[in-house]
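Take a look at the structure below.
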Amino acid sequence: MSEFKYPRELRLLTGGDFQQVFDNVSLKVPDRHILILARPNGLDHPRLGFVISKKNVRHAVKRNRVRRIMRESFRLNQHNLPPVDILIMARKGIDELEKDELHRLAKKCWSRLRKKAKQAST
RNA sequence: GGAGUUCGCCAGACAGUCGCCGCUUCACUUCGGUGGAGGGGAGGAAAGUCCGGGCUCUACAGGGCAGGGUGCCAGAUAACGUCUGGGCGGCGCGAGCCGACGGAAAGUCCAACAGAGAGUAUACCGCCUAAGUAUCUUCGGAUACCGGUAAGGGUGAAACGGUGCGGUAAGAGCGCACCGCGUGACUGGCAACAGCUCACGGCGAUGGUAAACCCCACCUGGAGCAAGACCAAAUAGGGGGGCAUUUACGCGUGGCCCGCGCGGCCCCCGGGUAGGUCGCUCGAGGUGUGCGGCGACGCACAUCCCAGACGAAUGGCUGUCCAAGACAGAACCCGGCUUACAGGCCGACUUCCGCA
RNA sequence: GGGGAUAUAGCUCAGUUGGAUAGAGCACGGCCCUUCUAAGGCUGUGGUCGAGGGUUCGAAUCCUUCUAUCCCCG
């Protein structure tokens, strides 16, 4: 039985973790509202981190909303993802999306990420 | 019932389910944790960082200068630029609301353009005068210069108290009355201040600015939880105690000058960046009752524990209901101010209309 | 989270302390010069002085509230 929890092991925790992703980007999933950077992490599960700047999303409430919804989608789809470190960077205008739009956006990005990871490994 | 003023409060609710972060407790444990149960988990502004305080380090913050702040009076408070009550001024029929509201006679400063004149004021037009000088003359006088005048016109943001009477050549606080203003008494008030009170001053010390400098009174050292403390790899060298020296110089305490600490000798101790732990939430705390006070608030008793994260929790999905949910997310903590904001509720009051 | 600074013409900046005309360079338009262009000369256009409120007779300037941008502290 697979679990859908979100413990600390599934997060990028330190500045070093983030820097490693930035330095060794092997997968990129660009979109109009977000940019996903990723690299294989050698573990048996993916890890997630966020970069949402104050410049792109002005209000803290909106930054929290974007992060929470994307994180929730990651939590529910974690077993369909390759073992990579994922970095989600928000772009301008993402705070204008509705809740269901964000969910659709996340699902779309996960499938694109899966595809690219498969291509890269072969 | 309409219109309005004011005070306080609320900030979608409930259920299911999948997650996240602390706490309490029980069990297991390879002492790293794992599991069960219980309970808690953003705001009135958490925001801006505009003030004030706690806390920490610097000397348990000391003197002087500079700088900064506050600015009617009294009180509340840990403190404040906040709040309460009062005074004064302004707005409103009113309930009420608004006000950086000390001093311009200590000094510096400003008054562009316009205007005759803008500072111990001024004579452009006008008004008056006909003594003097001059011209004309119908010999009555007329006019120009000189002179008097701040009532009227005009300029300006501002032109030197206002109205009336007297007065005068015409005028003028020149004189008088009333009003305004100033000064000193007296009375009331802790005070700000007030007064159908009394006396004095003719107001010629022009007006404006103190949100220009300034004066007066009071307040104020600096930095900030990335403060600071502790545990601890590599690498570079440091810290504590005692004694001595305080003359010079250097460094630190960061506006400057004092002052203070360090430097020298002896003894002792390994040091502290990555990382980790603490600081970190029980507090000028909430709620209720009673008492004191017009009130802000204070006191007493009872009762409650109510976020504490650290790449950073407080969320996603589904359903039901309604008046269809605004502004918006804690990061050391409080007290204020300011700014943003859908809608709704309780109380008090004002005014208009109708009915009795 | 905390501390600090800036905003003036299309661009880079003066002017702000000490109040009364908003100015310089580059750019742009016109004319001159040249066979033409560049350079040079003459001349002109262009400003809600970041926004709102206040003080004042008068505010880019003084006070205050907001907005935007930038920098520093691990």
Side-chain angles (χ1 to χ4, degrees):
Chain A
M1 182 61 203
S2 55
E3 300 208 341
F4 295 98
K5 295 189 173 178
Y6 183 62
R8 286 188 175 279
E9 289 74 43
L10 297 185
R11 312 179 196 176
L12 296 177
L13 289 173
T14 65
D17 293 340
F18 278 75
Q19 203 55 50
Q20 282 203 329
V21 179
F22 277 118
D23 291 345
N24 306 294
V25 176
S26 57
L27 299 168
K28 272 193 192 177
V29 180
D31 191 89
R32 188 175 162 193
H33 294 294
I34 60 170
L35 169 65
I36 294 181
L37 307 178
R39 66 175 268 277
N41 57 12
L43 305 170
D44 59 350
H45 53 76
R47 295 193 298 178
L48 182 67
F50 288 93
V51 177
I52 306 176
S53 75
K54 220 174 198 175
K55 194 173 179 180
N56 290 334
V57 183
R58 178 77 62 77
H59 297 293
V61 172
K62 290 175 179 170
R63 285 199 298 277
N64 280 340
R65 192 171 63 101
V66 170
R67 181 174 47 77
R68 282 164 179 165
I69 292 174
M70 298 303 284
R71 190 192 61 198
E72 191 67 15
S73 180
F74 170 86
R75 182 174 73 82
L76 296 170
N77 290 283
Q78 55 181 284
H79 300 292
N80 300 323
L81 290 170
V84 293
D85 285 347
I86 301 168
L87 204 55
I88 297 183
M89 304 178 68
R91 287 178 166 167
K92 228 170 206 168
I94 193 169
D95 53 313
E96 289 162 15
L97 295 180
E98 294 298 317
K99 266 196 262 186
D100 52 336
E101 289 180 302
L102 280 169
H103 279 289
R104 278 204 302 276
L105 174 66
K107 262 189 185 168
K108 196 174 76 186
C109 289
W110 301 143
S111 69
R112 286 174 67 185
L113 185 64
R114 256 197 319 277
K115 233 189 236 169
K116 288 211 171 187
K118 215 177 233 175
Q119 286 176 358
S121 60
T122 53

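All of these numbers come straight from a predicted model, not from anything done at the bench. All heavy atoms count here, side chains included; hydrogens, waters and symmetry mates do not. Every chain is numbered from 1 and lettered A, B, ... according to where its sequence line falls, protein lines coming before strand lines.
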Rounded to whole Å, how long is the line connecting atom [atom1] of [X] with atom [atom2] of [N]?
| X | N | atom1 | atom2 | result |
| --- | --- | --- | --- | --- |
| K54(A) | U67(C) | NZ | P | 12 Å |
| F74(A) | G315(B) | CZ | C1' | 16 Å |
| K99(A) | G325(B) | NZ | C1' | 12 Å |
| L13(A) | G276(B) | CG | C1' | 14 Å |
| I69(A) | G19(B) | CD1 | P | 19 Å |
| R63(A) | G315(B) | CZ | C1' | 17 Å |
| R67(A) | C21(B) | CZ | C1' | 12 Å |
| L76(A) | G316(B) | CG | P | 13 Å |

Residue pair [X] / [Y], side-chain heavy-atom distance below 4.5 Å:
| X | Y | result |
| --- | --- | --- |
| D17(A) | D85(A) | no |
| P30(A) | M89(A) | no |
| E101(A) | R104(A) | yes |

Rounded distance in Å between the [atom1] positions of [N] and [M]:
| N | M | atom1 | answer |
| --- | --- | --- | --- |
| A144(B) | U137(B) | C1' | 15 Å |
| U55(C) | G63(B) | C1' | 40 Å |
| A11(B) | A45(B) | C1' | 12 Å |
| G53(C) | A340(B) | P | 14 Å |
| G272(B) | U277(B) | C1' | 15 Å |
| G224(B) | C193(B) | C1' | 46 Å |
| U168(B) | U129(B) | P | 15 Å |
| A79(B) | C219(B) | C1' | 11 Å |

(request) Going by the side chain to side chain contact (heavy atoms under 4.5 Å, CB included) test, name the single residue among I94(A), L102(A), D95(A), V66(A) that passes it with H33(A). (result)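 That would be I94(A); it is the only one of I94(A), L102(A), D95(A), V66(A) passing the side chain to side chain contact (heavy atoms under 4.5 Å, CB included) with H33(A).
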Once you apply the 3.5 Å cut-off to both distances, tell me the Watson-Crick or G-U wobble partner of [N], or none.
| N | value |
| --- | --- |
| C341(B) | none |
| A348(B) | U5(B) |
| C146(B) | none |
| C178(B) | G162(B) |
| G38(B) | C23(B) |
| G29(C) | U43(C) |
| C317(B) | G16(B) |
| G152(B) | C125(B) |

Looking only at the side chain of [X] (C-beta and beyond, no hydrogens), which of the listed nucleotides [options] gets closest?
| X | options | result |
| --- | --- | --- |
| H59(A) | G329(B), C18(B), G35(B) | G329(B) |
| R11(A) | C18(B), C21(B), G316(B) | C21(B) |
| N64(A) | G315(B), A42(B), C317(B) | A42(B) |
| E72(A) | G315(B), G19(B), A328(B) | G315(B) |

(message) I want to verify the glycosidic state of G140(B); is it syn or anti under the 90° rule?
(response)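 G140(B): syn glycosidic orientation.
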(request) For A78(B), decide between syn and anti, treating a glycosidic angle within 90° of 0 as syn. (result)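 Nucleotide A78(B) adopts anti.
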(message) Nearest heavy atom decides the nucleotide; on that basis, is Y6(A) or L87(A) closer to the 5' end of RNA chain B?
(response)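 Taking each residue's closest nucleotide, the earlier one in sequence belongs to Y6(A).
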(message) With nearest nucleotide decided by heavy atoms, which residue, A60(A) or R71(A), maps closer to the 5′ end of RNA chain B?
(response)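 First, find each residue's nearest nucleotide; the 5'-ward one identifies R71(A).
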Could you tell me whether a side-chain N or O of [X] sits under 3.5 Å from a main-chain N or O of [Y], the two making a donor and an acceptor?
| X | Y | result |
| --- | --- | --- |
| R91(A) | D31(A) | yes |
| R63(A) | R58(A) | yes |
| K116(A) | K28(A) | yes |

Using a cut-off of strictly less than 4.0 Å, decide whether [X] has a side-chain nitrogen or oxygen near OP1 or OP2 of [N].
| X | N | result |
| --- | --- | --- |
| R58(A) | A328(B) | no |
| H103(A) | G316(B) | no |
| K62(A) | G329(B) | no |

(message) Return the CE to CG distance between M70(A) and L48(A), rounded to the nearest 0.5 Å.
(response)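 It comes to 8.5 Å.
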(message) Is there, by distance only and without an angle test, a donor paired with an acceptor across the side chain of R68(A) and the base of G329(B) below 3.5 Å?
(response)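 For R68(A), whose side chain was compared with the base of G329(B), there is a donor-acceptor pair (under 3.5 Å).
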